[in-house]
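Protein chains get the first letters and strands the later ones, always in sequence-line order, with residue 1 at the start of each. Excluded from the calculations below are hydrogen atoms, water molecules and symmetry mates; all remaining heavy atoms, backbone and side chain alike, are included.
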There are 2 protein chains.
Amino acid sequence: MKKITMQDVAERAGVSSKTVSRVINNEPRVSESTRKKIQQVIDELNFQPNKSAQSLAADRSLLLGLLYDNPSSAYIINLQAGVLDACNEFGYGLVIHPCENNSPDLLPKLRNLLASSRMDGLVLTPPMTENRQLLDFLDSNSTPYVLITPLNLEQSCPLVSIDDVMAARQSIQHLIDFGHKRIGLILGARERSGTEMRLLGYQQALEENNIPFDEGLVVQGDFTFESGVTAGLQLLRQPQPPTAIFASNDYMAAGVMKVASQLRISIPYELSVCGFDDTPVARYMTPTLTTVRHPVEQLAQHAGELLIRKLKKHLERSESEELHSELIVRESTGPVAKP
Amino acid sequence: MKKITMQDVAERAGVSSKTVSRVINNEPRVSESTRKKIQQVIDELNFQPNKSAQSLAADRSLLLGLLYDNPSSAYIINLQAGVLDACNEFGYGLVIHPCENNSPDLLPKLRNLLASSRMDGLVLTPPMTENRQLLDFLDSNSTPYVLITPLNLEQSCPLVSIDDVMAARQSIQHLIDFGHKRIGLILGARERSGTEMRLLGYQQALEENNIPFDEGLVVQGDFTFESGVTAGLQLLRQPQPPTAIFASNDYMAAGVMKVASQLRISIPYELSVCGFDDTPVARYMTPTLTTVRHPVEQLAQHAGELLIRKLKKHLERSESEELHSELIVRESTGPVAKP
DNA sequence: CTGAAAGCGCTTACAG
DNA sequence: CTGAAAGCGCTTACAG
């Protein structure tokens, strides 16, 4: 199984290797007839250009990097799947990079990774999307990147995000539709920009239904199971406890369910619990957890495509023009899995 | 931030680029003094060799591929982490490749992936490790690979595995230690070689404790939550139901817990349930699931290191010598998380 | 132990 | 619209 090179294709098609290169890279200025002929030979020989040679000559690695620091493995898998889709579509490879946002050697490590792997661009997810130091480093390094993150109007760089306000509002509306009036809210980590948006969505839903806002029903969590337990206790031990609780992720919701079980509060008869993420945890719990599906895979795919497009523009216009920051807002699909 | 090349290092160190190359690749036949000097310059300049150039010149991609087809995201994350550790240690990159073992275009896709990414070797996980067609393809292609799979004596290729017999035996012993005598066993998919080993371990544990083997207590599952539900029903509706059930993974164990809840059987008072995998699902369920930790990450790291070593030998001896199949057997750590 | 030359398979920059 | 030449940054094979 000898390796087939562009040279082989060129000879067989009776053209120069440069022209083959043009066809492979979809460059214009090739007559339709030669293009056709060359494409035919490429298919016949099942020719695949050598990535290493391409990278070396064009000084781009054809590699995207994906940075994440998130305990939910289901989330990461979806994330990877989405970015991989985009990569496969455009002939890019993907370098995954689990990291620790708070580690002091995050930047040095990233520097090394960039230097050795020479990734052309990065897809960032929370909490790295809110790490100023990291973003500044990438800017100074002129490494292109795209964020997957809750909408933040202060950012001027390309990002894709779901509408967190809408997602929360829909979920709360869902609970209201089931007749709930006292609805507890467990927020995620305070520093995340998505957190206040969920609160906003919660408040909007209440307002639209003329339900007074009760501060005592809103509790701070940090996305962990344990914080869900603590928050759940705080909510359920009140003299007038909520009849429904919306948690900002499934792990915290699982924590609430644990508390409910300990307090002998029956779900869903005495308490409705709604999570956010649609992880497998939710599906396999007893009773099943109502949860909101987060279209992570599509988001990630968009992010990947956006990044690749950005890289292309980068090349064509040789940095002469500022890129518009693109924004894709997608709605959550509303709660799935009724209790 | 101009890129630093081997040439720069060579000039600054007053040697030829070839000698720098020798130092980078840890080749012998370099005097200690020059090696030191060159290393010093490398550190000063923070030089990182260009992977694309290395790949092109040496005709190896410095890339490992990881193939998996498994619904458990927690398992995959651990798998990736382990192989990544090995990759980082030896300057390799990792290409992840989620795939469908039963898809008819698995092989064509893999062929393309190999042709375009030129991965130097593959790490395979079940069920691909038992896909004869796939293995034959890789052999005919002389693509090196390492399997992470239950011990299978028919395989003559490098593999790492846990001792499934031992793992099952320990778990059952654990249940026996708690006083159980009627213990249900839910097996995984029939075609997996690990399945019969778990059965063997189960039988051994019973035998050692003089508990008669009752065929009615062994039920076939297929690793899904739903099969756990079905198997759980089958076991718990018997006239003399088991007081403990060992399921071959956590999803099936979760299924059993669901059934128990529906049948109003109290866990852990009337029934003990033990899973296998130590997924987050187990930690977050109410009541918590007893489960066996599977040292996936270490296994994966070993697999990665084994593969990289194999690639090196491949080079040195230029295929003249048959590789010994190496085998690493690690014990499970026994059940964690008491109910 | 060290080095000069050629080459890996592409793309870039330039011509025509 | 097409091509000949040079070069990307390394390693290989060969000398000495």
Distance-only side-chain donor-acceptor flag, Asp69(B) / Asn101(B), under 3.5 Å | no

From the options dA4(C), dT11(D), dG9(D), select the nucleotide whose nearest atom is closest to the side chain of Ser16(B).
-> dA4(C)

Among dT2(D), dG3(C), dT11(D), find the nucleotide with the atom closest to the side chain of Met6(B).
-> dT11(D)

Picking from dT11(C), dT11(D), dC1(C), the nucleotide nearest the side-chain atoms of Ser21(B) would be dT11(D)

What is the distance from CG of Asp59(A) to C1' of dC10(D), rounded to the nearest Å?
-> 14 Å

Neighbours of DNA chain C within residues 35-52 of chain A, by heavy-atom distance under 4.0 Å = Phe47(A), Pro49(A), Asn50(A)

Under the rule of Watson-Crick or G-U wobble with both distances under 3.5 Å, where | means paired to another strand and [ ] a crossing pair, DNA chain C maps to |||.||||||||.|||

Gap between atoms CZ and C1', on Arg22(A) and dG3(D) respectively (whole Å) = 8 Å

Nucleotide dG3(C), atom P - distance to CD of Glu27(B) in whole Å = 14 Å

Residue Leu56(B), side-chain atoms from C-beta onward, closest of dA4(D), dC8(C), dT2(D) = dC8(C)

Can you tell me if the side-chain N/O atoms of Thr19(A) get under 4.0 Å from OP1 or OP2 in dG3(D)?
-> yes

With sugar-phosphate meaning primed atoms plus P, OP1 and OP2, does Thr34(B) contact a base, only sugar-phosphate, or nothing at under 4.0 Å between heavy atoms?
-> sugar-phosphate

Are any of the side-chain heavy atoms of Met6(B) and Ile24(B) separated by less than 4.5 Å?
-> yes

In whole angstrom, what separates Gln54(B)'s CD from dT12(D)'s P?
-> 10 Å

Minimum-distance nucleotide (side-chain atoms of Arg29(B) versus dC1(C), dG9(D), dT11(D)) = dC1(C)

